[in-house]
Amino acid sequence: MRSFLYVIFFIFLFSACSNHSSNKISINKNKVVPSELQAKYQEVELVGFIHFTVNTFTDKEWGYGDENPSIFNPTQLDAEQWAKTAKEAGLTELILTAKHHDGFCLWPSEYTEHSIKNSPYKNGEGDIVREFVSACKKYDLKAGLYLSPWDRNHADYGKPEYITYYRNQLRELLTNYGKISEIWLDGANGGDGYYGGANEIRKIDRDTYYDWENTFSIIRELQPEALIFSDAGPDIHWIGNEHGFAGETFWSMMDPTKVTIGGADQDYLNTGDPKGTDWILGQCDVSIRPGWFYHQKEDTLVKSPQQLVDIYYKSVGRNAMLLLNIPPDRRGLLHETDVKNLLDFKAILDETFNTNLAADQTITATNSVKNKNFVASNMLDTNKTSFWIAQNNSQSAEITIQFNTPTEFDRILLQEPIRYGQRISKFTVGAEINGELKMIYEGTTIGNKRLLRFNPILSSKIIISIDEANNAPAISNIGVYKASIRE
Ligand code: FUL
């Protein structure tokens with residue numbers, strides 16, 4: 001009896017110790033991880049771009065800077081229509097071109113006459129930046145602003161005085177309009193323009209002229225929570241093309257010393273860098289129309305809902321964010337076709353992704369860390385922060401989903417818990433079809449979200465094999481879907 005009690009006591013002691021030690025297991029974070037602001041931002045996936053200025057009225061893409069402000073006259077402008085549509089389409093932020101390359105300002109800047117204050121819009125009393133920010137607030141959207149560094153109107157462009165002007169404008173925008181979530185800096189820089197009547201070509205040195213570091217510190221000081229977008233980050237970077245496609249392999253890390261704003265290697269931007277020293281999110285900008293600004297002649301060329309869905313797979317589904325441009329027309333409204341296609345795009349995504357066919361199925365994994373907080377079932381729950389992770393020293397693992405009955409599917413979603421870093425660089429997906437294991441997908445990176453598309457299969461077993469990773473592989477979510485017939 002006595003020895004029996006000893007045995008019970010030792011079993012109790014052992015399990016208490018192992019529980020204790022398992023709770024102490026520390027999950028190694030990668031060296032390069034996102035800031036909390038970046039991690040939250042990436043989760044929102046979809047952002048809208050609003051290109052609107054004198055170009056809408058001159059039918060140009062790049063205004064020369066010599067426009068007479070009197071041409072700017074939207075007759076039915078309704079920023080709430082933009083915001084309401086964006087909200088219904090699942091976008092979480094809108095970014096407005098407060099100033100494009102023509103230098104025309106959509107707010108009554110005190111530093112220039114080339115603005116809305118000299119236009120017929122609201123008899124010169126209008127402020128579209130304010131209307132935009134209020135509409136975003138009403139519909140619970142974040143509001144970002146585009147302030148073109150290149151200014152084809154300003155007489156001082158190319159001289160040091162222009163940098164002071166640019167910073168003054170930035171201060172106006174960042175102090176007078178409440179919370180701004182993103183400042184968007186395009187890379188188009190220098191060339192011909194009006195330049196206060198000089199009508200000449202002005203070239204600048206991209207590396208030195210703008211002194212970006214000091215401009216960025218103004219942004220950080222005035223709006224510490226605003227993320228900065230440019231070719232080179234520091235928070236979000238251009239994806240290297242304007243089709244909305246991230247690379248098949250896409251890392252959220254990058255080496256900012258290898259890129260300059262306006263002069264970056266587009267292939268590098270398109271794939272990111274597994275050895276990158278900084279976490280910089282990828283954002284894929286693309287327009288719903290051929291141009292960035294509204295042109296009536298493009299009314300028949302609006303991207304279809306299916307084309308937009310394809311772009312979604314190649315941007316959000318490749319670990320980047322989608323920044324989709326929806327340009328208001330001369331009335332100041334989003335065109336009916338653009339609205340319809342955008343809402344249909346959202347409806348198709350919902351049809352495809354609303355039901356995770358694997359939700360109640362059985363999931364197991366090899367090499368799992370011995371800790372009840374990181375079990376395989378975390379990959380199928382609806383909690384976004386829970387995850388499964390392999391043992392500290394492993395770089396591979398196999399995850400199996402066993403269905404109760406054969407199930408038809410053609411889409412798989414995979415997500416890594418990016419707050420711990422982006423780890424996986426090689427994986428395959430196999431499925432048991434008629435009792436035989438067949439390879440259905442070979443992939444590289446996963447990151448925040450990876451969406452796999454393949455022809456429909458009927459199977460009751462999926463095996464995801466993670467073959468290479470820079471740290472113990474971890475997965476936060478797996479989804480299995482049957483695509484909407486409208487895709
Ligand atoms: C580019 C600009 O030149 C285009 O006009 C557009 O604004 C695009 C989003 O960024 O750099």
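None of these values were measured; they are calculated from a predicted model. We number each residue from 1, following the sequence as shown. Both ligands and their constituent atoms are indexed starting at 1 by order of listing.
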Using a plain distance cutoff, I'd like to know if [X] has any nitrogen or oxygen under 3.5 Å from a nitrogen or oxygen of ligand 1.
X      : value
His101 : yes
Trp292 : no
Glu61  : no

With no hydrogens and no angle check, do the side chains of [X] and [Y] hold a donor and an acceptor under 3.5 Å apart?
X      : Y      : value
Glu487 : Thr352 : yes
Asn319 : Ser252 : yes
Asn189 : Tyr210 : yes
His51  : Asn325 : yes

cation_pi(Lys482, Phe409) dist<6.0 Å, angle<=45: no
Under 4.0 Å from one or more heavy atoms of Glu242, ligand 1 contributes atoms 1 (C), 8 (C), 10 (O)
Under 4.0 Å to a heavy atom of His51 - the qualifying atoms of ligand 1, by number: 6 (C), 7 (O), 9 (C)
Looking at side-chain heavy atoms only, is the closest gap between His243 and Lys314 below 4.5 Å? no
Only heavy atoms count here, so choose which of Asp285, Thr97, Val286, Asp186 is nearest to atom 11 (O) of ligand 1. Asp186
For ligand 1, is there an atom lying under 4.0 Å from some heavy atom of Tyr146? yes
